[in-house]
Amino acid sequence: MSNTHYLVIGATGKTGKRVTARLVAANKPVKAASRTGDVRFDWQDKSNWPEVFGNVKAVYVTYFPDLAMPGAQEDISTLCTLARQQQVEHITLLSGRGEEEAQACEQIVASCGLSWTIVRASWFMQNFSEGLFAQFLLSGDVSLPVGDIKEPFVDVDDIADIVFDSMISEKHQNRLYEVTGATLYSFAELVALFNRVLGRDVKFTTISANAFSDNLTRLGVDQGTISMLDYLFTEVLDGRNEKRAKGVQQALGREPTSFEAFLRKNQHVFA
């Protein structure tokens, strides 16, 4: 008998919770795995991984805090080996644009001998509604270590639609989708758009990387997240990703969600 369950690693994260919800709505048997959930999964503790992967047909993998962090390649390699041993049929991996370390992890998945889908994503729009940046918007002051570099921010719901379909449909097998929004924005332009759409008066300020890290420390942000954000702001946001991709269109046959539409559907967050 073949395996029947769908495993979501990082099921409480921005993409993971949405993929889990889509699988549940489709009446698929789901293992929603996280560090604190009923199905416990911890990248730092592999002792129960064989149990987690038992009876799993397809798995969605998100790596915390980021595939560019030290140890990620070894962890992804171990996961792929176990998935093959447990007769998992398909792996979908969430990756990041412009990160050589993340692309090395993509190659590990693509060469592991299983069916795979890679979703290589730009920065999430939901960072502004569910994450740290939402606190900044609500405070009226967004201070970040970035200037005029632009990014084609992507809606996490678009990502979740692709991931869900890749787990239940063979048409996405062995495909890499680079997913972005349709428009390039600097962070200052996003704050201006936020003000215009929602009638707010939030200011944007460019600060040093050290000042940003100090601010995060005072807010109680964990060191792993601070290191990841420092890497993204100081290395990845150097202009290498100032271009749009067609992954959403290729995978879903529609245009990606606009940032303005994202703001309007999430305006209750800022009420």
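Not measured: the values here are computed from a predicted model.
- With sequence neighbours excluded, the residues that form a ring-ring contact (aromatic ring centres under 6.0 Å, His included) with Trp123 are Phe187, Phe233.
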Which is it for Gln73 and Ile108 under the side-chain contact (heavy atoms from CB on, under 4.5 Å) test, yes or no, and what are the steps along the way?
CA-CA 8 Å; Gln73 294 177 44; Ile108 292 169; 3.9 Å; yes
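- Few gaps surround CZ on Arg40; more than 12 heavy atoms of other groups in view lie less than 6.0 Å from it.
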Requested in this report: Any chance you could lay out the side-chain contact (heavy atoms from CB on, under 4.5 Å) test for Leu132 and Leu229, step after step, and finish with the verdict?
Outcome: CA-CA 11 Å; Leu132 183 65; Leu229 288 170; 4.1 Å; yes
key: Stepwise side-chain hydrogen bond (donor to acceptor under 3.5 Å, both in side chains) check, Asp155 with Gln126   = CA-CA 7 Å; Asp155 191 330; Gln126 274 75 5; 2.8 Å; yes
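- Between the side chain of Thr180 and the backbone N or O of Pro152 there is no donor-acceptor pair closer than 3.5 Å.
- Heavy-atom neighbours of Glu74 CD from other residues, nucleotides or ligands within 6.0 Å: at or below the threshold of 12.
- Remark: Arg120 does not engage Glu99 in a salt bridge, criterion side-chain N to carboxylate O under 4.0 Å.
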* To do: Would you sort out whether Glu178 and Lys246 count as a salt bridge (charged side-chain N to carboxylate O under 4.0 Å, His left out), showing the intermediate values?
  => CA-CA 7 Å; Glu178 188 162 333; Lys246 294 289 186 179; over 6 Å; no
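- Side-chain contact of Ser47 with Asp45: a donor-acceptor pair under 3.5 Å is present, judged by distance alone.
- In this model, no donor atom of one side chain and acceptor atom of the other lie less than 3.5 Å apart for Ser115 and Glu89.
- Residues Glu130 and Arg18 are paired through a salt bridge, judged by an N-O separation under 4.0 Å between the basic side chain and the carboxylate.
- With salt bridges taken as basic N to acidic carboxylate O contacts below 4.0 Å, none links Lys14 and Asp157.
- Here Arg22 does not pair with Asp165 in a salt bridge; the nearest charged N to carboxylate O distance is not below 4.0 Å.
- Side-chain atoms of Asn3 come within 3.5 Å of backbone N or O of Val56 as a donor-acceptor pair.
- Side-chain polar atoms of Asp141 and Ser143 form a donor-acceptor pair below 3.5 angstrom.
- When atom types are taken as modelled, the side chain of Thr225 and the backbone of Val221 share no donor-acceptor pair closer than 3.5 angstrom.
- Hydrophobic cluster membership of Ile162, counting Ile, Leu, Val, Met, Phe, Trp and Tyr whose side-chain heavy atoms lie under 4.5 Å apart directly or via other members: Tyr6, Val8, Val19, Leu23, Val24, Val30, Tyr60, Leu94, Val119, Phe124, Val154, Val156, Ile159, Val163, Phe164, Met167, Ile168, Tyr177, Val179, Val248, Leu252.
- Under the 3.5 Å distance criterion, the side-chain polar atoms of Ser139 are matched with a main-chain donor or acceptor of Phe136.
- Two rings, from Tyr63 and Trp43, have their centers less than 6.0 Å apart.
- Of the possible polar contacts, one joining the Gln267 side chain to the Arg264 backbone as a donor-acceptor pair under 3.5 Å is found.
- Looking at Asn174, its side chain does come within 3.5 Å of a backbone N or O of Trp116 through a donor-acceptor pair.
- Between Phe259 and Phe262, the two ring planes are perpendicular [angle over 60°; tilted spans 30° to 60°].
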